[in-house]
K.L.:
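My questions will all concern the structure given below.
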Amino acid sequence: QILSLTFFTIFALLSTPLSSAYSGLAWAGAAQTDSVSGKTVTFSPSGDIVASGHSATVLLSNSTTHESIQTLYVDFFVQSIAFTSDEKFLIVGMESSLPNTPASIVFKWDGSEYVRTMHTEDGLNVDRISVSSDDLTFATATENGNIAEWKMDTGIGSTLELDREYSSPHTGHISCLDHSPDGQYL
């Protein structure tokens with residue numbers, strides 16, 4: 001009797017997981033694209049849109065139905081994507097290995113789709129974008145290792161206006177950027 005109870009107890013302990021994890025989050029699904037490579041994905045602030053970068057395209061998908069909404073075409077490999085808090089603008093950072101070529105592109109919502117408006121020409125590998133809390137500027141790393149803040153919707157021709165540039169206290173790749181919620185610090 002004791003032997004069978006001990007055997008059952010050992011069997012129950014060995015077959016029961018000691019721990020498990022569950023996020024409580026639903027799976028958003030996969031975007032269908034012809035490109036096999038992708039580096040970045042982000043949700044819009046409302047959670048209605050999933051934006052994913054695939055080679056030199058950004059696929060916008062409905063986060064609930066997983067249906068494609070729009071495909072945005074850019075000049076180089078997509079490294080980063082950011083929305084403004086009101087979703088009026090979408091910024092795409094790219095791997096731009098040539099000087100004086102678009103490094104980040106701003107798309108503006110026109111009521112039915114995102115339309116390419118202006119771009120920056122400073123930055124070799126724009127893999128980090130930080131949008132200010134007032135949605136008026138965004139920051140990226142520059143080609144010379146500094147941090148630049150760009151005006152969201154102002155510039156000459158198709159080139160965005162530089163709002164200000166900050167010297168970086170270190171050398172090498174800038175791997176993270178963020179604005180403080182009150183907009184006082186970058």
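Computed from a prediction, not measured in an experiment: that's the story for all the values here.
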K.L.:
Please report the shortest heavy-atom distance between S180 and Q184, naming the atom on each side.
P.N.:
OG-N, 3.2 Å
K.L.:
If the test is side-chain contact (heavy atoms from CB on, under 4.5 Å), which one of T117, V131, L136 qualifies with M152?
P.N.:
V131
K.L.:
Might you point out which heavy atoms bring V50 and V41 nearest each other, and give the distance in Å?
P.N.:
CG1-CG2, 3.6 Å
K.L.:
Side chains of T40 and S80: is there a donor and an acceptor less than 3.5 Å apart?
P.N.:
no
K.L.:
Where the side chain of E87 meets the backbone of S44, is there a donor-acceptor pair that is under 3.5 Å apart?
P.N.:
no
K.L.:
Between S132 and T137, does any side-chain donor sit less than 3.5 Å from a side-chain acceptor?
P.N.:
yes
K.L.:
When rounded to the nearest 0.5 angstrom, what is the spacing between CD1 in I81 and CD1 in I105?
P.N.:
11.5 Å
K.L.:
Does the pair D153/K108 count as a salt bridge with the N-to-O cut at 4.0 Å?
P.N.:
yes
K.L.:
Which atom names give the shortest non-hydrogen contact between N146 and S167, and what distance separates them?
P.N.:
OD1-CA, 3.3 Å
K.L.:
Is the shortest heavy-atom distance from the side chain of L90 to the side chain of L60 under 4.5 Å?
P.N.:
yes
K.L.:
Does E67 offer a backbone N or O that forms a donor-acceptor pair with the side chain of N62 under 3.5 Å?
P.N.:
no
K.L.:
Does S63 use its side chain to pair, donor to acceptor, with the backbone of D48 at less than 3.5 Å?
P.N.:
yes
K.L.:
How far does OG1 of T101 sit from CD of E121, to the nearest 0.5 angstrom?
P.N.:
7.0 Å
K.L.:
Do the side chains of F76 and L160 join up, straight or via other hydrophobic residues, at under 4.5 Å, putting them in one cluster?
P.N.:
no
K.L.:
Under a 3.5 Å distance rule, please check whether T42 uses its side chain to pair with a backbone N or O of A82 as donor and acceptor.
P.N.:
no
K.L.:
Check step by step if side chain to side chain contact (heavy atoms under 4.5 Å, CB included) holds for L59 and S68.
P.N.:
CA-CA 7 Å; L59 180 63; S68 177; 3.4 Å; yes
K.L.:
If you define the side chain from C-beta out and look only at heavy atoms, does anything of R128 sit under 4.5 Å from S130?
P.N.:
no
K.L.:
Consider only side-chain heavy atoms of I, L, V, M, F, W and Y, link residues closer than 4.5 Å, and tell whether F107 and F83 are in one cluster.
P.N.:
yes
K.L.:
Hey, is the main chain of F89 close enough, under 3.5 Å, to the side chain of T84 for a donor-acceptor pair?
P.N.:
yes
K.L.:
side-chain contact (heavy atoms from CB on, under 4.5 Å) with V106: which of F138, Y114, W150?
P.N.:
F138
K.L.:
Which heavy atom in E149 sits nearest to a heavy atom in A139, and how many Å separate them?
P.N.:
CG-CB, 4.0 Å
K.L.:
Can you measure from CG (D86) to OG (S46) and round to the nearest 0.5 angstrom?
P.N.:
11.0 Å
K.L.:
Side-chain contact test, heavy atoms from C-beta onward, threshold under 4.5 Å: evaluate it for H173 versus N125 and give yes or no.
P.N.:
yes
K.L.:
Is it possible for you to say whether L72 and I69 belong to one hydrophobic cluster, with membership spreading through side-chain heavy-atom contacts below 4.5 Å?
P.N.:
yes
K.L.:
Identify the two heavy atoms, one from D122 and one from E143, that lie closest to each other, and give their separation to 0.1 Å.
P.N.:
OD1-N, 2.8 Å
K.L.:
Is there side-chain contact between R164 and L186, with at least one heavy-atom pair below 4.5 Å?
P.N.:
no
K.L.:
Treat each ILVMFWY residue as a node, draw an edge where side-chain heavy atoms are under 4.5 Å apart, and state whether W109 and V58 are in one component.
P.N.:
yes
K.L.:
Tell me yes or no: between the side chains of D75 and H119, is some donor less than 3.5 Å from an acceptor?
P.N.:
no
K.L.:
I129 and L162: same hydrophobic cluster, using ILVMFWY side-chain contacts below 4.5 Å?
P.N.:
yes
K.L.:
Can you confirm whether Y73 sits close enough to T71 that some side-chain heavy atom of one is under 4.5 Å from a side-chain heavy atom of the other?
P.N.:
yes
K.L.:
For residues Q79 and M94, report the shortest heavy-atom separation together with the two atoms involved.
P.N.:
CG-C, 3.7 Å
